[in-house]
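Each remark here refers to the structure printed beneath this line.
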Amino acid sequence: MGTCHGPKERARVNTNTTERVRVGIVGGGRIADLNKIGWLAHEHAQIVAICDLNETRRLERAAEWGCKAYAELDDMLSDPEVDAVEILTPHHHHAEQAIAAFKAGKHVCVQKPPTTSLASYDRVVEAAEKAGTVFKVYENFLFYPPHVLARQIVDDGGVGDVLSVHIVTGSGRLGAGQGWHIPPEATAWRMDPSLCGGGIMTFDHGFHCFQLGRMFVDVPVERVHAFIDVIPVGHGLEVDMSALISWTYEGKPARHGSWDLVDSADLDIMSHYYVSDDRLEIRGTRGIIWVNQCTGRLLEEPSVVHYRDGVVSSYHRVETDWSTSFRDATFDFIGAILDNRPPRLDAAEGRATLAFALAAQLSATEHREVAVAELAGPPRGR
Ligand SMILES: NC(=O)c1ccc[n+]([C@@H]2O[C@H](COP(=O)([O-])OP(=O)(O)OC[C@H]3O[C@@H](n4cnc5c(N)ncnc54)[C@H](O)[C@@H]3O)[C@@H](O)[C@H]2O)c1
């Protein structure tokens with residue numbers, strides 16, 4: 001399963017694409033406030049349409065972006081001005097919307113998690129391959145500047161061979177005067193695993209952490225074990241926290257990773273966005289990297305610390321606002337279309353992370369260790 005575009009097929013897409021990417025956004029909800037940043041900032045891109053079932057939201061976004069408003073996706077897809085489609089809807093819609101967009105010959109970017117199952121993901125990839133247009137899975141932690149710097153340090157040999165990746169996510173309550181208002185309807189669909197695809201924390205948010213788990217080690221994740229507790233929140237609903245998920249990577253030397261998700265109910269989380277404090281430790285044969293910041297702002301400075309050979313390097317001048325990761329993830333999609341190159345994450349990479357995320361859900365449900373290959377088949381990408 002490779003990248004779904006090529007010079008030959010590009011002729012089928014509106015030629016305007018080579019100068020300016022004109023996007024239609026499907027779903028103008030909470031995260032559109034960050035997904036819009038790259039589209040508005042890039043000189044070769046333009047938001048030309050919004051499609052949202054919610055009339056008020058649709059009209060508000062159309063006024064904000066100066067674009068057309070569509071209630072029906074099919075109508076937006078038949079608009080020849082739309083070169084690319086960005087899907088920002090609840091997860092259970094992603095597959096069918098992406099397939100429809102590919103059938104209309106559009107480039108497609110779908111917010112994480114791309115689909116709720118590998119079977120539906122593979123149908124999307126099949127449609128992408130037939131269309132010959134760009135398919136990107138949108139995961140922004142991959143573009144967060146401190147994470148990018150950490151990967152650069154790894155590539156420069158700064159830790160030797162990576163042996164372990166440990167991620168900690170702290171949940172709690174928003175500090176006074178902090179963070180975003182999340183509309184109740186944006187939480188409601190996430191609380192239903194049949195719409196979300198898994199738990200609101202360990203699958204929805206988890207996709208980021210599983211991507212981080214794959215970001216610093218260039219071999220596939222092999223086995224996953226997940227303890228996932230639940231907290232009742234009333235009306236028969238529960239949130240999937242706390243959790244401890246661990247995994248091993250293929251091959252030798254032995255390498256492993258973990259994601260520790262802790263709900264500290266009375267911990268004030270300082271954040272401009274969600275109530276989430278994600279941090280990271282990468283250990284190698286001769287060095288260590290700590291990344292102290294992501295969505296939340298608990299330990300802002302230095303955002304990255306590197307230890308090797310008795311020397312501590314602290315990085316203070318890295319862009320740290322979480323929104324920068326969205327800008328750069330969107331720029332990646334635009335660049336993939338304009339430069340006719342694969343995006344990060346392409347079809348194969350997105351599948352590997354989805355399989356990892358689903359393996360963790362299965363492990364918790366069945367109370368056993370799960371081999372990723374049980375779900376994904378033999379490894380297809382790192
Ligand atoms: N990368 C991140 O950090 C991040 C953060 C939040 C959300 N997300 C992802 O973005 C997506 C959207 O999340 P959100 O928080 O903005 O959700 P939301 O509920 O706030 O917004 C969803 C929007 O989609 C619209 N919608 C629903 N069904 C539709 C349909 N069939 N056709 C057209 N419009 C439809 C709704 O009216 C709403 O405006 C999800 O995939 C989510 O996982 C990613």
Side-chain angles (χ1 to χ4, degrees), residues 24-38 49-62 64 69-77 85-101 108-116 120-121 124 136-144 147 169 179-193 195-212 271-276 278 294-296 321-330 332-333 344-345 350 353-354 357:
I25 293 180
V26 195
R30 184 70 268 196
I31 208 58
D33 284 313
L34 292 179
N35 273 76
K36 72 183 180 189
I37 293 172
I50 171 73
C51 168
D52 200 302
L53 291 180
N54 180 311
E55 185 181 13
T56 309
R57 187 160 292 159
R58 180 168 75 237
L59 296 180
E60 278 172 6
R61 290 298 189 192
E64 180 189 348
Y70 290 103
E72 295 295 331
L73 179 60
D74 284 348
D75 292 336
M76 190 176 94
L77 294 179
V85 170
E86 178 154 81
I87 297 173
L88 309 179
T89 52
H91 308 156
H92 63 297
H93 292 305
H94 288 184
E96 297 317 318
Q97 291 178 334
I99 290 167
V108 178
C109 178
V110 59
Q111 256 283 11
K112 63 81 211 159
T115 60
T116 56
S120 55
Y121 187 84
V124 172
K136 174 179 170 67
V137 175
Y138 193 105
E139 195 295 303
N140 55 294
F141 280 29
L142 195 54
F143 295 86
Y144 184 57
H147 297 155
T169 298
W180 261 358
H181 167 69
I182 310 297
E185 63 270 21
T187 304
W189 62 261
R190 288 175 157 90
M191 300 294 285
D192 180 345
L195 306 183
C196 183
I200 183 170
M201 293 306 299
T202 57
F203 184 67
D204 179 21
H205 182 72
F207 197 89
H208 295 299
C209 298
F210 297 118
Q211 186 59 49
L212 280 182
S271 168
H272 296 321
Y273 309 101
Y274 295 99
V275 194
S276 186
D278 301 281
C294 190
T295 318
D321 193 276
W322 193 51
S323 65
T324 56
S325 63
F326 284 82
R327 177 199 63 200
D328 293 350
T330 301
D332 177 62
F333 181 44
R344 303 181 70 197
L345 305 168
T353 304
L354 180 62

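Keep in mind that what you see is a predicted model, and the values were worked out from it rather than measured. Each ligand, and each atom within it, is numbered from 1 in the order the structure gives.
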### Query
Looking at R57, which atoms of ligand 1 are within less than 4.0 Å of one of its heavy atoms?
38 (C), 39 (O)
### Query
In terms of atom number and element, which parts of ligand 1 are under 4.0 angstrom from non-hydrogen atoms of G27?
23 (C), 24 (O)
### Task
For D204, take its heavy atoms, then give the atoms of ligand 1 lying under 4.0 Å from any of them.
43 (O)
#### Entry: Donor-acceptor side-chain pairing of H92 and D192 below 3.5 angstrom
no
### Task
Determine, considering heavy atoms only, which of Q111, Q97, H93 sits nearest to atom 28 (N) of ligand 1.
H93
#### Entry: Pair Q211-H208, side chain to side chain contact (heavy atoms under 4.5 Å, CB included): steps then yes or no
CA-CA 5 Å; Q211 186 59 49; H208 295 299; 5.7 Å; no
### Query
Counting only heavy atoms, which portion of P183 has something under 4.0 Å from ligand 1: side chain, backbone, both, or neither?
neither
### Proximal atoms of ligand 1 relative to K112 (non-hydrogen, under 4.0 Å)
1 (N), 2 (C), 4 (C), 9 (C), 41 (O), 42 (C), 43 (O), 44 (C)
### Task
Apply side-chain hydrogen bond (donor to acceptor under 3.5 Å, both in side chains) to T116 and list each qualifying residue two or more places apart in sequence or on a separate chain.
none
### Task
Please identify which atoms of ligand 1 are closer than 4.0 Å to at least one heavy atom of G29.
16 (O), 20 (O), 21 (O), 23 (C), 39 (O)
### Aromatic ring pairing F203/H91, orientation class (parallel under 30°, perpendicular over 60°, tilted between)
perpendicular
### Query
Hey, does the side chain of Y138 reach the backbone of F326 with a donor-acceptor pair shorter than 3.5 angstrom?
yes
### Summary
If we number the atoms of ligand 1 from 1 as shown, the ones under 4.0 Å from a heavy atom of H91 are 40 (C), 41 (O), 42 (C), 43 (O)
### Query
Taking non-hydrogen atoms only, is Y138 closer than 4.0 angstrom to ligand 1 via side chain, backbone, both or neither?
neither
### Message
Looking only at side-chain N and O atoms, does T89 offer a donor or acceptor that is under 3.5 Å from a partner on Q97?
### Response
yes
### Message
Under 4.0 Å, heavy-atom basis, I'd like to know which part of H208 is in contact with ligand 1: side chain, backbone, both or neither.
### Response
side chain
#### Entry: Candidate with minimal heavy-atom separation from atom 41 (O) of ligand 1, of M76, H92, H94
H94
### Proximal atoms of ligand 1 relative to W322 (non-hydrogen, under 4.0 Å)
3 (O)
### Summary
Residues at least two apart in sequence or cross-chain that pass salt bridge (Lys or Arg N to Asp or Glu O under 4.0 Å) with E60, listed by chain then number, are none
### Query
Taking non-hydrogen atoms only, is N140 closer than 4.0 angstrom to ligand 1 via side chain, backbone, both or neither?
side chain
### Task
State the atoms of ligand 1, each with its element, that fall below the 4.0 Å cut-off from a heavy-atom position in A186.
18 (P), 19 (O), 20 (O)
### Query
Which is closest to atom 13 (O) of ligand 1 by heavy-atom distance: E185, R190, R30?
R190
### Query
Any luck finding a side-chain donor-acceptor pair between T295 and Y144 under 3.5 Å?
no
